[in-house]
Amino acid sequence: MLIKKPQDIPSSEITDEAVYQQRRKFMTSSIGLTAAATLMPLQNSVAAYGGKPLNFKKNSQFDTSEDKTSFGKITNYNNYYEFGTDKYSPAKNAQALTTDPWSVTIDGEVEKPGILHLEDILKQHTLEERIYRLRCVERWSMVIPWIGFPLADLIKKARPTSKAKYVKFETLNRPSEMNGLRRNVLDWPYVEGLRIDEAMNPLTILAVGLYGEVMPKQNGAPIRLVVPWKYGYKSIKSVVKISFTEKEPVSSWTKAAPNEYGFYSNVNPDVDHPRWSQRKERRIGDFLKRDTLLFNGYADQVASLYTGMDLKKHY
Ligand code: MTE
């Protein structure tokens, strides 16, 4: 995103060859899996790819007629700078991450601060599958069947005070397991933020898996944010802290390049990134580009959050 190297800016342009290679690799290894899958009864926890299966309900409100991006592509073309700045390193390097035990600290303007263990979070929330589009600021997109629960459910349990206007999220900062932290490409830990009404919007989820299984490490195991109407970098991975604040948090990307990455980061074809247009995107695996949709196609659910705001100014 920020670092200007040949594979960076035009990543949406060079994807096809890379995806082709990944697809070849994945197809070879998926033949056996397809055979195994046909033998399995149809149920909501299916070990299709080898990860630990999760129990979940399908939320038909967030189903789609669009083709889902394959598991192979979702897990081999990632942005996770803590494990390298190119798209292919996270799949390899993130395997070093210990994700059990895991806890999430809740602090700041809440009546019930504390440390939540992941097992307890999972016990307290009903998991559902939601298929969302993810649109990266670099002009590529995917369609991902996430497994998670509404962030609003967790927020309600924490009981924010009237001073809580924003929610700040932090990723784990563990240099011994995250080799990308050795490079100062961002001010670690990775930080993101939402306005509290954005965080409470029913579309915003904390995801703990995809394709029916626990979250692959390169996708942000064991728990990550997914905010489908914003550019992908808002969907912070491997979350260890959620803080409720009165002031707007400064995200890592805004700190690194404020003129390129604003607080809101809503997907908007009418607002160019200073270095490229956001009008078109390439769905990973597709040959032709498609038009980018305002709020990534979720305008009906979220446009009202920004009534009266100049979206060019609040980019
Ligand atoms: N979270 C952390 N901690 N570190 C990152 O580098 N990259 C972001 C976001 N969350 C990132 C992160 C970006 S730029 C994108 S596009 C999405 O994760 C990519 O998610 P995916 O790899 O699961 O597709």
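For ligands, and for the atoms within them, numbers begin at 1 and follow the listed sequence. Reckoned from all heavy atoms, side chains included, excluding hydrogens, waters and symmetry mates. The chain is numbered in sequence order, starting from 1.
With a heavy-atom cut-off of 4.0 Å, Glu82 touches ligand 1 through its side chain alone. Here Tyr190 has side-chain heavy atoms under 4.0 Å from ligand 1, and that is the only part of it that gets that close. Residue Glu138 does not touch ligand 1, judged by heavy-atom distances below 4.0 Å.
Close approach to Ile236 involves these atoms of ligand 1, each under 4.0 Å from a residue heavy atom: 1 (N), 10 (N). Each of the atoms 21 (P), 23 (O) of ligand 1 lies under 4.0 Å from some heavy atom of Asn219. The atoms of ligand 1 that sit less than 4.0 Å from any heavy atom of Thr171 are 3 (N). Those atoms of ligand 1 that come under 4.0 Å of a heavy atom in Cys136, given as number and element, are 16 (S). Below 4.0 Å from some heavy atom of Ser235 lie the following atoms of ligand 1, by number and element: 9 (C), 10 (N), 18 (O).
Note on residues 140-161: pairs passing salt bridge (charged side-chain N to carboxylate O under 4.0 Å, His left out), not counting sequence neighbours, are Glu111-Arg159.
A donor-acceptor pair is defined here as one N or O able to donate and one able to accept, closer than 3.5 Å; no such pair exists between the side chain of Tyr132 and the backbone of Val227. Looking only at distances, a side-chain donor or acceptor of Gln218 sits under 3.5 Å from a matching main-chain atom of Thr75.
In terms of polar-atom proximity, defined here as any N/O pair under 3.5 Å, Trp140 makes no such contact with ligand 1.
In Asp67, the CG atom is not crowded: 12 or fewer heavy atoms of neighbouring residues, nucleotides or ligands sit closer than 6.0 Å.
Inspection of the Lys87 and Asn79 side chains reveals an N or O donor paired with an N or O acceptor under 3.5 Å.
Considering only residues two or more places apart in sequence or on other chains, Lys234 meets the salt bridge (Lys or Arg N to Asp or Glu O under 4.0 Å) condition with Glu192.
Among Asn79, Val239, Leu134, Asn173, the residue whose heavy atom lies closest to atom 11 (C) of ligand 1 is Asn79.
For the pair Phe83/Lys92, no side-chain contact is recorded, criterion being any heavy-atom separation below 4.5 Å from C-beta on.
Among the candidates Ile223, Leu210, Val208, the single residue satisfying the side chain to side chain contact (heavy atoms under 4.5 Å, CB included) test with Met215 is Leu210.
Ligand 1 lies nowhere less than 4.0 angstrom from a heavy atom belonging to Lys234.
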